[in-house]
Amino acid sequence: MNFKVRLTTEAVEDLNRLYEFLLKRDLDAAARALAAMEHAVALLAYSPLSCRKALLQKSPWWRELLIPFGHSGYVALFEIEDRTVTVTALRQQREEDYH
């Protein structure tokens, strides 16, 4: 079963924020991180239920996708509704929480 994947405006802003943070330090790392996040989010079309349940959400349809990158990586928060996966936030794993 394939799912439609979409990003909220806030998730796109998070993606841009994370990219720009790395861009100031290392152009190559920024490009690789962006590619890793885009690839991982695209995989949600095939297997969103394989991701862990989000601890801060009460619904089992809220999940977190771990995206490995470097020494830590990123986390995408998303909701599954019908056949649509909505990514609502992205953060670096060392950040305290979603914005």
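Values below: every heavy atom of this structure, side chains too, minus hydrogens, waters and symmetry copies.
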Passes side-chain contact (heavy atoms from CB on, under 4.5 Å), Val87 versus Arg6? Steps please.
CA-CA 6 Å; Val87 178; Arg6 68 180 200 90; over 6 Å; no

Val12 and Asp14: side-chain contact (heavy atoms from CB on, under 4.5 Å), yes or no, with the steps?
CA-CA 5 Å; Val12 172; Asp14 287 342; over 6 Å; no

Go through it in stages, so that I can follow the logic: the residues are Leu44 and Phe78, the test is side-chain contact (heavy atoms from CB on, under 4.5 Å), and I'd like the CA-CA distance, side-chain angles, deciding distance and then a yes or no.
CA-CA 9 Å; Leu44 290 175; Phe78 65 93; 3.7 Å; yes

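Electrostatic pairing of Glu20 and Arg25 does not count as a salt bridge here, judged by no charged N lying under 4.0 Å from a carboxylate O.
In this structure, Ile80 and Trp62 have side chains that are not in contact, with every pair of non-hydrogen atoms separated by 4.5 Å or more. The shortest distance between side-chain heavy atoms of Phe69 and Leu18 does not fall below 4.5 Å. Side-chain contact between Leu90 and Ile67 is present, with heavy atoms from C-beta onward closer than 4.5 Å.
The minimum heavy-atom distance linking Cys51 with Glu64 is given by the pair CB-O, 3.2 Å. For Ala40 against Leu65, the heavy-atom pair with the smallest separation is O-CD2, 3.4 Å. Here the closest non-hydrogen pair linking Thr84 and Phe3 is N-CD2, 4.1 Å. The shortest heavy-atom contact between Val5 and Ala45 is CG2-N, 3.5 Å. Between Ala36 and Pro68, the shortest heavy-atom distance links the atoms CB-O, 4.4 Å.
Atom CZ in Arg32 sits 9.0 Å away from atom CG in Leu22 (nearest 0.5 Å). One finds the CG atom of Leu15 at 6.0 Å from the CD atom of Glu38 (value rounded to the nearest 0.5 Å). Distance NZ/Lys4 to OG1/Thr86: 8.5 Å, rounded to 0.5 Å. In this structure, NZ in Lys24 is found 12.5 Å from OH in Tyr19, a value given to the nearest 0.5 Å. With rounding to the nearest 0.5 Å, the separation of CZ in Arg91 from OH in Tyr74 is 12.5 Å.
In terms of modelled atom types and a separation under 3.5 Å, the side chain of Glu95 and the main chain of Gln92 share a donor-acceptor contact. A donor-acceptor contact shorter than 3.5 Å links the side chain of Arg63 to the backbone of Leu49. Using modelled atom types, no side-chain atom of Ser47 and backbone atom of Ser50 make a donor-acceptor pair closer than 3.5 Å.
Cluster membership for Leu77 and Leu55, using ILVMFWY side-chain heavy atoms within less than 4.5 angstrom, is not shared.
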